[in-house]
Amino acid sequence: MLTLLDFSRTELRALMQEWGQPGFRGDQIYDWLHKELAASPEEMTNLPKELRARLAAETQCNPLQLIVQIDSRDRLTRKALFRLTDGATIEVVLMLYNSRRTVCISTQVGCGMGCTFCATAQGGLMRNLSAGEIIAQVHWFERYLRQEGPAELHVQRPTRLTNVVVMGMGEPLANYQALIKALRAIADPDGFTLSARSLTVSTVGLVPMIDRLSGEPLPIRLAVSLHASSNRLRNQLVPINKRYPLESLLAACQRYVQKTGRRITFEYALMRGINDSGQQAGQLADLLVGLLCHVNLIPLNPIPNSPFQPSSDEDTKMFQQVLERAGVAATVRLRRGIEINAGCGQLRQAAQQPDLIQMI
Ligand code: SF4
């Protein structure tokens with residue numbers, strides 16, 4: 001069955017022509033999908049009845065089926081687990097801040113990068129998501145905000161997502177084509193209309209893909225998950241470092257900044273006794289000083305039975321101060337949804353356990 005969200009506007013026009021329809025029907029379908037967030041052809045009231053019937057029989061608008069969603073106690077973080085058409089499952093997280101409504105989306109089922117502290121890595125990579133499966137995650141929460149949204153969100157309805165971060169399950173740059181196609185649709189000024197500057201793509205450091213991304217006309221933001229300041233430690237935490245060590249990764253980051261003029265964010269998950277000493281903070285500052293960048297320090301979301309635990313508040317503060325004294329901008333990111341397994345891959349893993357099934 002075809003997933004309509006996999007098609008660009010041009011591709012939908014071509015599909016309609018293939019079906020013996022005028023090309024503008026493709027524009028109408030695109031507008032229904034990306035502007036009105038139609039979840040079924042039945043809603044597309046300006047299409048002929050027979051065309052709607054054929055669309056209903058041969059295509060799907062929404063490839064996601066909700067399995068479970070859980071709110072944090074303050075109801076400002078909502079995590080959802082979805083089943084895809086082939087039965088695979090993915091996670092999506094909505095985070096509400098004072099002025100931002102951010103959705104964190106996935107690009108792969110599982111992940112092949114093998115980061116040792118990450119729940120998603122434990123099952124390996126199953127497959128890439130299609131562009132439509134990526135877009136559908138954004139649409140799901142956009143629909144929720146427009147139509148319903150939590151009462152705690154004291155804003156007038158309908159309201160909208162303000163940011164998309166591609167930091168969920170998977171390495172986004174390992175699924176490059178689908179990622180870019182999805183981001184183009186999300187940032188389409190004649191479609192979903194979220195500003196490309198509100199989109200952030202996170203990578204563990206696929207150097208050739210960072211270079212490729214720097215040539216894209218979309219002015220999206222780049223975040224690089226660093227997590228270590230020496231190759232020795234990074235080889236253990238983020239195994240892709242053996243292929244693209246820190247020197248080569250940071251050189252690619254330099255090229256990216258030179259070419260785009262945009263600041264890079266470095267993500268650094270602070271793990272107690274592993275990467276959070278003052279000496280490691282100094283080493284990190286030496287690596288980054290002079291580069292147009294910002295460091296996000298994130299106390300790790302602990303995985304049950306894992307040796308990796310979050311750093312203490314004192315060590316987190318100390319780490320931040322060392323960076324700032326050296327002239328490297330650093331903030332501590334609020335840890336969201338810790339009681340709802342909000343770290344990447346954790347809900348999916350927990351869903352295989354019986355106690356969570358009771359909550360569904
Ligand atoms: S941290 Fe990201 S890149 Fe690393 S294994 Fe987990 S999902 Fe993949």
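Values below: every heavy atom of this structure, side chains too, minus hydrogens, waters and symmetry copies. Note that ligands are numbered from 1 as they come in the structure, with each ligand's atoms numbered from 1 the same way. Nothing fancy with the numbering, it's 1 onward along the sequence.
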Review point. Looking at F192, is R160 sitting on its ring face, NZ or CZ under 6.0 Å from the six-membered ring centre and within 45 degrees of the normal?
Key: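 Output yes; distance and angle both within limits.
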Practice item. Before giving the answer on side chain to side chain contact (heavy atoms under 4.5 Å, CB included), spell out for C253 and V224 the whole-Å C-alpha distance, their side-chain angles and the decisive distance to 0.1 Å. Key: CA-CA 9 Å; C253 291; V224 175; 4.0 Å; yes
Check your understanding: Closer than 2.8 Å to atom 6 (Fe) of ligand 1, do we get an N, O or S atom from C111, backbone or side chain?
Key -> no
Suppose I only count heavy atoms of [X] and a 4.0 Å limit; which atoms of ligand 1 are within that range?
| X | value |
| --- | --- |
| M113 | 3 (S), 8 (Fe) |
| A121 | 5 (S) |
| V204 | 3 (S) |

Practice item. Return the option from G170, S225, G205, A174 holding the heavy atom at the smallest distance from atom 2 (Fe) of ligand 1. Key: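 Checking each option, the heavy atom nearest atom 2 (Fe) of ligand 1 is found in G170.
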Point to revise | Residue selection (non-hydrogen contact nearest atom 1 (S) of ligand 1) among C118, G114, P172 | key: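 Heavy atom nearest to atom 1 (S) of ligand 1 belongs to C118.
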Review point. Can a salt bridge be assigned to the pair R184 and E216 using a cut-off of 4.0 Å between side-chain N and carboxylate O?
Key: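 Yes.
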Review point. Would S230 and Q283 count as having a side-chain donor-acceptor pair, cut-off 3.5 Å?
Key: no
Practice item. Show the numbers, then the answer: is there a ring pair (Phe, Tyr, Trp, His ring centres under 6.0 Å) between Y30 and F7? Key: CA-CA 8 Å; Y30 185 89; F7 290 73; over 10 Å; no
